[in-house]
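Working notes for the structure below.
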Amino acid sequence: MTLDSSADETGPQPLLELTEVTRTVQLIDAPPLTILSGVTLSVSVGDRVSIVGRSGSGKTTLLNLLGLLDNPTTGELLFDGRPARSFSGAERDRVRGRDVGFIFQQFNLLQGRTALENVMTPLLYAEGRQFWQRSRIASEMLDRVGLGHRLQALPDRLSGGEQQRVAIARSLVRGPRLILADEPTGALDLETGEAVMDLIDDVARASGAALVTITHDPAIAARATRHLRLDHGVLQADAETAALARGTTRELTAGRAT
Amino acid sequence: MNRLLSNLVGAFVEAWQEVRIHKTRVMLSLIGVAVAVCAITTVVGLGAVAQQATLEQSERQSGRPASVQVYASTFDGSAPAPEVMKEVWQTALERYEITYASRVTPTSQMVQFADGAASVATTGVDVPYGTMHRVKMSEGSWFTDADTARLAPAVLVNSIFYDRIGRPDLATHPTTTLLGDRDTTAVITGVFPAQGWEQEPAMYLLTDSLTALAAPVTAAPTDAMSAVNYFGPPTYELWVPPELADPIIAALQRDVSAALGDGATADVYRTDYASWTGGEDPYLSLKLLVGGVAGLVLLLGALGLVNIALVTLKQRIREIGIRRSFGATAGRVFFSVMMESVVATVAAGIVGVIAAVLIVKNPWIEGLIGQGQVTDFPAFPVEAAIIGLVSATAVGALAGLVPALVAVRVKVIDAIRY
Ligand SMILES: Nc1ncnc2c1ncn2[C@@H]1O[C@H](COP(=O)(O)OP(=O)(O)O)[C@@H](O)[C@H]1O
Ligand SMILES: [Mg+2]
């Protein structure tokens, strides 16, 4: 089964290409645990991918592989056409810094640092203009997520929604080609979650980056253009969400027509 | 290059943020370092003052390296005739082009004070003596060649003498009366500080002025209470470059013995402290001891720092994971964590050095350590400040090494997993 995005053979080279990827962990006093098995997936710039799955189904493990935080146990993962295994440690970190933006469920803001300093963090690992103009670039980014007036606020002074918006600004500040969001609305109430997803969709569309969103929430998943489901480490197309997405689109179209 | 610079600046920015956020804990852990650096710097600084004190004292007493004395005697134990010695001495100085040489004649001289006459310890010297013995004046100045031509002899008195005559302004050319068969009025041209143990007035006269005082004596004193003190032959002192001391000693030994003829011998030897200690630093063992203790204190401070860094590192593992997920390389994390410690200890080091300067240059401490032996307090020794800062930096790097090694081993996926 292939989950390729482009039916079009002449499309651009995929940003990520996973072929028969497995991930197992060695446990003490127990047989190895297989978290992912036979995952084949391709993600190109501009893709909107959602992955749903139960807790413990391996979603975060998959996301770590996509973000070059982890290596497959077997199978091949190509990043930009290059085998992930061939990256040196520092190269891998630099590529991740430049091309990948993470958004976490728990926001993972650096405590004690202002919103501005948090958004500046990824720029500290950049060079050239991005490094030297980090303060200006970060302020602009915060302005784009609607927090231009809270630059000096510390994370514990911000609401959950505001914190996640700071985290979004941080993940996008270096203009990544791949945005990986792990349950970005999981810690937010329904309404705030919707607003945050609107923002992520907006900035991702504006920058043309690929967006992979992990979620529990079918409504959030339905926003994507490709819908996948992870079940006990096996990745497959998710017809259910796809149907929901079509329904939503119909509703929207119907709503517009009237 | 570009990457190197942005990495360096970036790591510094991160380190500074970290230090700023954890001000309190950093401050606490740094007190030990600051105290240790202050101790090291203070000890080195005070050591310099104490060394200067002992050095000045021994140089005043036995001369600067290399000081050489010529002692001549005839076989019957008496001194050779003064005219002969003077001739021999002049010839030797000219022959070996010795600039710093002085006859030294210790004696005593009756002086008329307002409250009566008193005997004053008097030393007859030549002009170079001041430089040779590092005599520092508190008022006026040491003898110059012009003083040899004065009609009224110039006299330099110690502070006790000066106090006793009511500390007159030297600009008014105060005089004092030197009693003898014929009283002599001498002009006080300078005041030198009394040594700590000295209770009595003392003064310097030029050798020729001193001989002139005695000249009118036509016969040896018959009266024990005679105002003019009979004085013995001078000792002959030279100050020469240490590396020339041995050849000059040999040459003088030969020349003076030859000039005095069969009936007399000449003894020429070094008197300065460097000759007793063989040129080694007499303070070496003391320095090593103090340095060792201070090093130990600093090491204890470093241990405290490592301890606190390790305890708080647990809370920072997540933060390190977050930074790694945004592109921080392992090397960068290592360097940043190391820098935190260095930035902090250098700051503590600066505080410690400043405190040390305030302590060492404190007049009360200077007095205590100098014990009145130091006329010329050395400026705060730069090497003490450098030693303090370098050890602070080294301790920071050392203390940062352990947490930095732990930080690099953080597994990113475990650090950010919830
Ligand atoms: N390093 C590891 N060691 C042991 N078990 C792990 C490790 N990483 C993940 N797991 C297990 O693998 C399963 C999948 O984890 P995860 O990818 O976090 O799932 P999800 O994000 O879908 O909830 C879980 O049961 C988790 O406990
Ligand atoms: Mg998860």
Side-chain angles (χ1 to χ4, degrees), chain A residues 23 25 35 60-61 63-65 67-71 88-114 117-132 134-135 154 167 170-171 173-174 176 180 182-183 186-187, chain B residues 1-27 312-337 339-340 343-344 405 407-418:
Chain A
R23 181 72 176 94
V25 290
I35 306 175
T60 299
T61 305
L63 211 68
N64 288 341
L65 288 175
L68 297 177
L69 286 175
D70 195 9
N71 268 325
S88 77
E91 250 177 333
R92 172 185 285 270
D93 293 324
R94 276 196 276 272
V95 168
R96 183 190 317 120
R98 189 189 62 214
D99 288 335
V100 184
F102 285 94
I103 302 171
F104 305 97
Q105 178 178 1
Q106 298 301 337
F107 322 136
N108 275 344
L109 295 181
L110 302 177
Q111 293 307 307
R113 275 84 166 175
T114 63
E117 284 171 340
N118 264 283
V119 178
M120 274 159 64
T121 301
L123 298 171
L124 280 175
Y125 312 118
E127 19 185 304
R129 194 191 76 92
Q130 284 202 335
F131 178 81
W132 296 108
R134 58 191 180 280
S135 176
L154 293 174
R170 178 179 62 178
S171 73
V173 74
R174 285 189 70 180
L180 300 175
D182 193 349
E183 310 201 26
Chain B
M1 185 56 222
N2 189 359
R3 180 190 287 172
L4 190 74
L5 185 64
S6 46
N7 259 321
L8 207 74
V9 177
F12 189 83
V13 170
E14 284 176 298
W16 180 247
Q17 272 183 18
E18 190 64 32
V19 171
R20 195 197 69 208
I21 288 163
H22 301 288
K23 289 197 257 327
T24 323
R25 86 158 160 82
V26 170
M27 293 271 252
T312 51
L313 198 74
K314 288 219 169 79
Q315 306 154 12
R316 298 186 46 199
I317 284 180
R318 185 182 191 82
E319 183 182 316
I320 290 165
I322 296 168
R323 291 185 180 279
R324 294 293 304 272
S325 68
F326 284 104
T329 61
R332 172 59 175 276
V333 167
F334 181 91
F335 191 59
S336 292
V337 173
M339 280 287 273
E340 277 167 33
V343 163
L405 285 173
V408 179
R409 295 167 63 102
V410 166
K411 280 248 185 290
V412 186
I413 53 172
D414 295 333
I416 56 175
R417 175 176 291 277
Y418 25 84

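Note that the structure is predicted; figures quoted are calculated from it, not measured. Residue numbers start from 1 in every chain, and the chains themselves are labelled A, B, ... in the order their sequence lines are given, proteins ahead of strands.
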From the options B:R324, B:R323, B:R332, select the one residue that forms a side-chain hydrogen bond (donor to acceptor under 3.5 Å, both in side chains) with A:Y125.
-> B:R323
With the side chain counted from C-beta on, respond yes when [X] and [Y] share a heavy-atom pair under 4.5 Å apart, and no when they do not.
| X | Y | answer |
| --- | --- | --- |
| A:L69 | B:I416 | yes |
| A:W132 | B:V9 | yes |
| B:V412 | A:R96 | no |
| B:E14 | A:L110 | no |
| B:R318 | A:Q106 | yes |

Applying salt bridge (Lys or Arg N to Asp or Glu O under 4.0 Å) to B:R316 and not counting sequence neighbours gives B:E18, B:E340
Return the [atom1] to [atom2] distance between [X] and [Y], rounded to the nearest 0.5 Å.
| X | Y | atom1 | atom2 | result |
| --- | --- | --- | --- | --- |
| A:E117 | B:Q17 | CD | CD | 4.0 Å |
| B:I413 | A:L63 | CD1 | CG | 12.0 Å |
| B:K411 | A:D70 | NZ | CG | 9.5 Å |

Qualifying residues under ring pair (Phe, Tyr, Trp, His ring centres under 6.0 Å), relative to B:F326, sequence neighbours excluded = none
Region of A:E91 in contact with chain B, defined by heavy-atom distances below 4.5 Å = neither
